[in-house]
Amino acid sequence: MTTPSNERGPGAAEVDLPTQYQPADVEGRLYERWVSAGYFSADPGRDPGRPAYSIVIPPPNVTGSLHMGHALDHSIQDTLIRRRRMQGYETAWVPGMDHAGIATQNVVERELAKEGLSRHDLGREAFVERVWKWKGESGGRILGQMKRLGDSVDWSREAFTMDDARARAVRTIFKRLFDDGLIHRAERIINWCPRCLTALSDIEVEHAERDGELVSIRYSDEVVVATTRAETMLGDTAVAVHPDDERYRHLVGTEIELPLTGRRIPVVADEHVDPGFGTGAVKVTPAHDPNDFEIGRRHDLPSISVMDERGVITAAGPFQGLDRFEARPAVVAALREEGRIVKEVRPYEHSVGHCQRCSTVVEPRVSLQWFVKVGPLAKAAGDAVRDGRVEIHPPEMAPRYFEWVDNMHDWCISRQLWWGHRIPVWYGPDGETACPGPDEEPPAGWTQDPDVLDTWFSSALWPFSTLGWPDDTPDLKRFYPTSALVTGYDILFFWVARMMMFGLYAMDGVEPFKQIVLHGMVRDQNGKKMSKSFGNVVDPLDWIERYGADATRFTLLRGANPGGDVPVAEEWAQGSRNFCNKLFNATRFALLNGAHTRGDLPGEITAVDAWILSRLQRVTGEVDALLEGFEFAKACETLYHFAWDEVCDWYVELAKVQLGDERAEATRRILGEVLDKLLRLLHPVIPFVTEELWTTLTGAETVVTAPWPAADEDLRDKESEELVESLQRLVTEVRRFRSDQGLKPGQKVAAALEWNGSPLAPHEEGVRALLRLTAPEDGFAATASLPVEGAVVRLDTAGAIDVAAERRRLDKDLAAARKEVEQMGKKLGNEAFMAKAPEAVVAKNRARLAQAEADIVRLEAQLAALPSA
RNA sequence: GGGCGUGUAGCUCAGGGGUAGAGCACUCGCCUUACAAGCGAGUGGCCGCUGGUUCGAAACCAGCCACGCCCACCA
């Protein structure tokens, strides 16, 4: 580690800080202190006059560890929570995890498979015990990651979707829905995964375009049907045509013989059939197709299942025992042999449903399952957003939400799995059904339904089950409805809409959250999705270890435009790390020079001081508004530029001069003030480094509960802002000259400054320091003369300057300025423009013209001042 | 088929009727005593294409081209 410089200004404090910020040295220590101090603990009874702000965390699945998407999600929530905490709200951020039924069961089954075991080898009880063990290990890992990220969650409220309290909530709402007739059991065609061996809800099926073959089969002389799933014809129980289709009208009501089976099936007329598609005749397999199932219902057709739960053909005959994908070509071959195949099979791209968890092709299957009747629940969920009681951010996401809640099908909630909440329904010896309440015993001798609930069922209760529901707890009173729900847009349907349904239902119409904040997915630097197969996955812990939690958070939030995906890259994390280091060093400099935050702001300050204070107020207001509107990327950008480009590059540099004279004391206070507020504004985003620096700077206990800065309009000072902008232009112009002339940045150059009454005159010392200009001494001979900002800078470059290079440069700038004058002149001379353009625009263009004209004067003067070659 | 959205610097993205922006990358020069994880100065864009509206269009409108995501009972 580099030793800090011993160079100190008068009044310097004893400071022992390394020259590079080392996150690993402070983050763990700070987090522990925060927790033990109880800063994150919510108390519903404390100061009831204060407003409350609550967020329940989207519970990570216990399937593994947190990825970048979680890190983004948590960073956003922590930023919201920390800002509110600083604003004085009673904040509750409730942590927890999700048992993730099918996903976790699959993970543990894979583990077992490595040992050559299946879950059936263990038996249900032992298997579930095994999953609990997995949950313990995986869950511990996740909690550890949350601490590393700096999540300011209230650990005393940690919940799990399958712990006792949440189990009771599940039992309670199930019972209520059951008694209200909103949960029922029915035999229907559902999505079935032949590998997971369970039913799936509609949204657990992912559709993807796949190449298939459309086979046309001649069922009779007059009837040709087309199918991509020839094997299902074994279960056909009708052929359907459109009722108005003249070609087939005479056949409706007749029977034809189904090839390969010898069965006779009827021709029925059904509106569903599109007479324009193919031949206009369609095979009907009620047991294996959702549409056909409905046609079958309408026409009272038998349903013949030809496959078992694993997708193996069970229909008696030559295909029995074949897998469905083997049976397909076999059936086509058999039909071809019989001369039933019309022409050739046609390549055909069509959408195929896959199991979300294992990618197996889903098989529609008729079975007895439990359903939630969503009609009234979905209506309420839609209305809450329509009414404006719940806001969706960004609003462009709302149509998606409506599209789904307004067209929702009944929700299949039973799963043929072992890991999950067991369905609280018991069956009697004679098939009676009972749903006892959570505190009631089922009748003796009855048996419980073997299935478990869809994992999203318990997730849907999360905003109130975590707060103690069904009991009327102080938490529930104080923190429900929650303030914001922060999650990726990918689970808008899975989770958000269902929380809305159950929240409104269970809490008598009170919405589960006021604002829905949707963020995008984390992607790589090419905008590609992170996936193991691409090898572009970044582990948040890796970044935290190498760059720090703050840098990781800053990288994510800096990319988080509303609703947009968030690309991240190694170099950007480095940039964020560099930014934290910049803050560290700026504060280190300030401390070495005695900056402090004691007492009122000095009454006598320079224009430079007034400028930075004015800018600070503006930035404070901007950042506050941006965070209020969930504009994390812009808030980060604003702070980044203020801190780096204004505070560090200009104020600190100019302050160096002030610290060396009678203005030192005032400057120390201003420096302290700027850093104090800046660090507070940054704290919600980068909590660790700001805590470390702020507590050192102020001597206060923590920034976690320090008041959130408010913009002070009295400190706004337009005049000083303009003055410093002028100073910046002057300095930049001379730097440009130095650079173009090949003068080394550190090289001292003697110069004479003629201010000609410029308001910048009092800042000569600062200008000289920034430009490394020394006072003219004996023998001073200006070799270059730069008229700029109303002043003239005469430089002794200790040798001839490259006149040709300078002339080229000035000519180029001059040409640009002249073009500008021409354009502006044309514009301002345009009658239509003058008549119609708004006052402000005209004024702006006049200012542009004036500036360009001034530039021409300046450049011509500079050219004239050039020594002749 | 329906819905939403995108096309701006080499890359990732802001912006949005009135001077084209940022980060990173790139070029040149610097260990200028807070910081080389740094400093200074630069290079780089017919803002997807074609029309229209307008005094003025990268922005608004129409059409086209190319992408992306979501939904859907596409035999």
Side-chain angles (χ1 to χ4, degrees), chain A residues 2 4-7 17 19-21 189 202-203 207 214 225-229 240 272-274 277-279 281-285 289-294 348-351 364 396-400 402-404 407 409 489-490 492-493 521 523-527 547 558-559 561 563-565 567-569 571-572 574-575 577-593 633-634 637 640-641 648-649 652-653 656 732 735-740 742-748 769 772 820 823-824 827 830-838 840-842 844-845 848 851-852:
Chain A
T2 325
S5 158
N6 290 324
E7 198 78 23
L17 291 171
T19 58
Q20 285 192 343
Y21 175 56
I189 192 156
D202 292 343
I203 48 176
H207 293 270
L214 188 64
V225 300
T227 182
T228 53
R229 304 197 56 203
H272 168 77
V273 179
D274 174 4
F277 186 94
T279 61
V282 62
K283 63 193 277 299
V284 181
T285 322
D289 183 281
N291 290 320
D292 295 5
F293 182 80
E294 292 303 320
Y348 189 72
E349 195 190 50
H350 62 131
S351 173
E396 300 90 81
M397 287 288 175
R400 268 190 206 194
F402 291 128
E403 188 189 334
W404 197 67
N407 301 296
H409 293 178
Y489 57 69
D490 57 328
L492 185 59
F493 307 141
M521 307 294 113
R523 296 176 178 272
D524 73 7
Q525 65 270 39
N526 299 315
Y547 302 125
R558 198 183 185 182
N561 286 117
D565 287 341
V568 297
E571 299 81 54
W572 307 348
Q574 286 168 5
R577 183 263 323 258
N578 295 354
F579 178 56
C580 293
N581 191 49
K582 190 73 180 173
L583 292 170
F584 178 85
N585 272 297
T587 308
R588 176 166 168 270
F589 167 84
L591 291 168
L592 285 167
N593 287 282
K634 290 191 189 97
E637 211 60 28
Y640 181 92
H641 282 121
C648 292
D649 288 351
V652 167
E653 292 307 319
K656 283 175 181 172
T732 302
R735 277 176 176 166
R736 192 230 89 218
F737 175 83
R738 288 188 56 131
S739 183
D740 284 357
L743 296 165
K744 307 296 180 207
Q747 187 178 331
K748 300 271 198 282
R772 323 256 157 217
E820 180 80 357
Q823 281 179 352
M824 287 304 104
K827 205 169 202 179
N830 182 320
E831 276 178 43
F833 171 77
M834 294 308 285
K836 296 186 183 180
V841 173
V842 175
K844 216 170 167 185
N845 281 284
R848 268 182 68 185
Q851 181 62 52

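Below, each value reflects all heavy atoms present in this structure, side chains not excepted, and no hydrogens, waters or symmetry copies. Throughout, protein chains are lettered first and strands after them, A, B, ... in sequence-line order, and every chain is numbered starting at 1. Treat the numbers as computed from the prediction; the structure is a model and nothing was measured.
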statement: Any strand, both distances under 3.5 Å, Watson-Crick or G-U wobble: B:U27 pairs with B:A41
message: How many whole angstroms separate atom NZ of A:Lys744 from atom C1' of B:C28?
response: 10 Å
task: Please determine, for B:A72, whether a Watson-Crick or G-U wobble partner exists with both distances under 3.5 Å, and give it or none.
output: none
query: Which base sits across from B:C46 as a Watson-Crick or G-U pair, both distances under 3.5 Å?
result: none
- prompt: For B:A14, which nucleotide in any strand shown is its Watson-Crick or wobble partner with both distances under 3.5 Å?
  reply: none
message: When both hydrogen-bonding distances must be under 3.5 Å and the geometry is Watson-Crick or G-U wobble, what is B:C35 paired with, if anything?
response: none
- prompt: For the pair made of CZ in A:Phe584 and P in B:A37, what is the distance, rounded to whole Å?
  reply: 15 Å
query: Side chain of A:Glu637, base of B:A22: donor and acceptor closer than 3.5 Å?
result: no
- prompt: What's the spacing between A:Arg400 CZ and A:Leu492 CG if we round to 0.5 Å?
  reply: 8.0 Å
message: Could you measure the distance from the CG atom of A:Asn578 to the CG atom of A:Leu583? Nearest 0.5 Å is fine.
response: 11.0 Å
Touch class at under 4.0 angstrom, heavy-atom based, for A:Glu653 against every strand present: base
Pair partner, B:A58 [Watson-Crick or wobble, under 3.5 Å]: none
message: At less than 4.0 Å, is any side-chain N or O atom of A:Asn578 found next to OP1 or OP2 of B:G38? Yes or no.
response: yes
task: Taking atom P in both B:A9 and B:A58, compute the distance separating them and give it to the nearest angstrom.
output: 15 Å
query: So does A:Thr19 reach the base of B:C35 with its side chain, donor to acceptor, closer than 3.5 Å?
result: no
message: Looking at B:G15, I'd like to know if its phosphate oxygens (OP1 or OP2) sit under 4.0 Å from a side-chain N or O belonging to A:Lys634.
response: yes
- line: Taken to the nearest whole Å, OH/A:Tyr640 to P/B:G23 is 7 Å
Interatomic distance where CG belongs to A:Leu592 and C1' belongs to B:U33 [whole Å]: 11 Å
message: Salt bridge or not between A:Glu653 and A:Lys656? Use side-chain N to carboxylate O under 4.0 Å.
response: yes
message: Without decimals, in angstroms, what is the distance between A:Arg736 CZ and B:G29 P?
response: 18 Å
P-based separation of B:A57 from B:C67 [nearest Å]: 30 Å
Separation of atom CD in A:Gln525 from atom P in B:C13, rounded to whole Å: 11 Å
- prompt: In whole angstroms, how far is the P atom of B:G3 from the CD atom of A:Glu403?
  reply: 9 Å
query: Which nucleotide, in any strand shown, forms a Watson-Crick or G-U wobble pair with B:C67, with both distances under 3.5 Å?
result: B:G5
- line: Here the distance between atom C1' of B:G21 and atom CZ of A:Arg558, to the nearest Å, is 14 Å
